[in-house]
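Below is one structure, written out as structure tokens; the observations come after it.
Quick note: residue numbers are just sequence positions, from 1. Atoms within each ligand, like the ligands themselves, are counted from 1 in listed order.
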Amino acid sequence: MKTPVRSRKLFEQASKVLPGGVNSPVRAFRAVGASPLFIRRASGAILEDVDGNRFVDYVMSWGPLIHGHAPRGLVRALAAAARLGTSFGAPSPLEHELGERVRTLVPSMERVRFVSSGTEATMSAVRVARAFTRRDRIIKFEGCYHGHADAFLVKAGSGATTLGVPTSPGVTPAVAADTLLARYNDLSSVASLCDAHQGRIAAIIIEPIAGNMGVVPPSEGFLRGVHGLAVRQGILLIFDEVISGFRASPGGAQAIFGINPDLTCLGKIIGGGLPVGAYGGRADVMALVAPEGPVYQAGTLSGNPLAMTAGLWALERLTPRLYKELARRGSMLAAGLADAARAARVPLQVNAFGSLVTPFFTASPVRDYDSALGADTDAYATFFRGMLARGIYPPPSQFEAWFLSAAHTDRHVQQTIKAARAAMKEVARKT
Ligand code: KE4
């Protein structure tokens with residue numbers, strides 16, 4: 001890898017105008033003791049930085065790019081759409097076309113509203129749930145991340161945990177008081193909150209496959225148990241499928257676990273790499289959303305034709321073969337990382353679910369936020385730098401998911417495992 005001279009120069013300039021030199025904290029590489037690489041272009045599974053270094057990418061824009069970077073067909077479709085106009089601020093046929101596509105894939109979403117990010121989707125879903133139930137409190141899970149709306153920045157995962165600020169300053173005690181915290185994979189922690197706050201809880205919001213403390217799949221019966229508690233207490237169940245939607249299966253995690261949440265939030269893949277989020281669910285709940293109902297939510301670029309074009313392109317290509325290949329390579333990567341750690345005698349737990357993988361640098365199983373926090377983040381940082389030096393670009397944080405795409409080949413995975421064998425030896429030497 002060539003010394004990233006140009007990236008460092010650009011980072012210096014960016015830091016004079018952008019807080020931390022980036023537009024989303026986790027990109028600043030602060031948790032991995034390196035300076036962020038500035039990317040010039042990407043194609044398929046490969047990123048190329050401004051110094052000409054090429055990497056096999058496992059961030060993939062944090063999940064949206066299930067078909068890889070800049071697929072030729074998508075670029076063509078976007079060019080054609082752009083010629084017709086980039087945003088109208090008025091309805092276009094593409095919006096209900098994508099809405100119908102989403103409903104076909106995720107039948108629990110009887111009505112869908114498009115927004116421009118996962119955060120907008122989750123914050124709006126909570127607002128509707130509060131209006132529908134006329135209750136104020138929500139339950140979220142420690143380590144889950146639902147975007148940066150105030151209500152969610154309480155023991156939040158992803159970048160909030162990476163930067164050591166899981167509960168953000170600026171969130172008022174009044175707002176935080178309405179956010180109750182349960183433990184992932186601990187049904188009793190949910191039951192006690194439901195008992196203690198009977199009749200006061202509007203919604204339980206959960207990542208059905210947690211990705212923001214690193215990958216933590218739900219334990220057997222956990223989601224069904226949470227659903228049962230919600231139904232018994234008139235609490236709306238919100239599945240935050242911003243990561244798992246169209247990733248775990250064409251119907252998301254809910255299709256795999258056979259659970260129909262009252263509301264679902266989507267992002268990432270639904271936009272094919274352009275800014276799209278969506279929330280939706282039961283028709284009687286979504287009937288409250290303005291202008292049909294009184295719950296206000298709006299957005300200048302919601303449903304814009306470029307984003308809808310990218311979303312339609314992405315969702316029209318979710319074939320069974322795609323998921324079979326993603327799962328096969330996901331297991332290949334997970335097994336290869338575990339073998340590399342074993343060979344170097346480095347304690348490692350690899351959690352995986354299809355094409356979502358996280359290597360946790362710890363000897364104990366990772367089943368919730370506390371056990372995830374037990375991972376050795378210095379070891380992860382050493383591993384990350386070793387992988388980067390060998391042409392592999394993992395997420396710059398122990399508490400994130402690695403994402404595969406249709407563009408990742410067996411050769412890419414083998415190259416990754418080879419690099420991991422060397423990087424693990426560097427971890428072993430340092431710990
Ligand atoms: P956005 O507002 O970033 O589009 O979506 C927020 C969000 C909501 N729900 C889940 C389950 C999510 O994972 C996210 C965003 N994910 C992070 C990565 N873990 C985005 C990357 C970043 O913050 O830069």
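Of all atoms in ligand 1, listed by their number and element, those nearer than 4.0 Å to a heavy atom of Gly147 are 6 (C), 7 (C), 8 (C). Counting the atoms of ligand 1 from 1 in the order shown, those under 4.0 Å from a heavy atom of Ser117 are 2 (O), 4 (O). Distances below 4.0 Å separate heavy atoms of Ser24 from the following atoms of ligand 1: 22 (C), 23 (O), 24 (O). Atoms of ligand 1 lying under 4.0 Å from at least one heavy atom of Val26, given by number and element, are 24 (O). For ligand 1, the atoms lying closer than 4.0 Å to a non-hydrogen atom of Thr119 are 1 (P), 2 (O), 5 (O), 6 (C). Remark: ligand 1 atoms within the under-4.0 Å shell around heavy atoms of Ile243 are 13 (O). Atoms of ligand 1 lying under 4.0 Å from at least one heavy atom of Glu207, given by number and element, are 11 (C). Counting the atoms of ligand 1 from 1 in the order shown, those under 4.0 Å from a heavy atom of Glu400 are 18 (C), 19 (N).
Nearest to atom 9 (N) of ligand 1 among the protein's heavy atoms is Asp240 OD2, 2.7 Å. Protein heavy atom at the shortest distance from atom 10 (C) of ligand 1 is Tyr145 O, 3.3 Å.
Between Glu142 and Arg183 there is no salt bridge, since none of the side-chain N atoms of the basic residue sits less than 4.0 Å from a carboxylate O of the acidic one. The residues Arg137 and Asp178 are annotated as salt-bridged, a charged nitrogen and a carboxylate oxygen being separated by less than 4.0 angstrom. Between Arg329 and Glu325 there is a salt bridge, since a side-chain N of the basic residue sits under 4.0 Å from a carboxylate O of the acidic one.
Polar contact check, Trp62 against ligand 1: no nitrogen or oxygen pair lies under 3.5 Å apart. Taking any N or O of Asn212, backbone or side chain, at least one lies under 3.5 Å from an N or O belonging to ligand 1. Residue-to-ligand polar distances place Gly118 within reach of ligand 1: an N/O pair is separated by less than 3.5 Å. Not one N or O of Arg27 is nearer than 3.5 Å to an N or O of ligand 1, by distance alone. Looking at ligand 1, you'll find an N or O of Lys268 within less than 3.5 Å of one of its N or O atoms. For ligand 1, the polar-atom distance check finds an N/O of Ser158 within less than 3.5 Å of one of the ligand's N/O atoms.
By the side-chain hydrogen bond (donor to acceptor under 3.5 Å, both in side chains) test, Asn53 is found to be paired with Asp49, residues two or more places apart in sequence or in another chain being considered.
Inspection of the Thr264 and Gln254 side chains reveals an N or O donor paired with an N or O acceptor under 3.5 Å. No side-chain donor-acceptor contact under 3.5 Å links Glu400 and Thr162.
Crowding of Phe88 atom CZ: a count of heavy atoms from other residues, nucleotides or ligands under 6.0 Å exceeding 12.
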_With ring pair (Phe, Tyr, Trp, His ring centres under 6.0 Å) as the criterion, how do Tyr58 and Tyr393 come out once you've worked through the C-alpha distance, each side chain's angles and the decisive distance to 0.1 Å?_
CA-CA 6 Å; Tyr58 286 97; Tyr393 189 93; 9.7 Å; no

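In this structure, Phe384 has its ring center under 6.0 Å from that of Phe29. Aromatic rings from Tyr369 and Phe141 are positioned such that their centres are separated by 6.0 Å or more.
The presence of a protein heavy atom under 4.0 Å from atom 5 (O) of ligand 1 is confirmed.
Ring geometry for Phe361 versus Tyr380: interplanar angle over 60°, hence perpendicular rather than tilted (30 to 60°).
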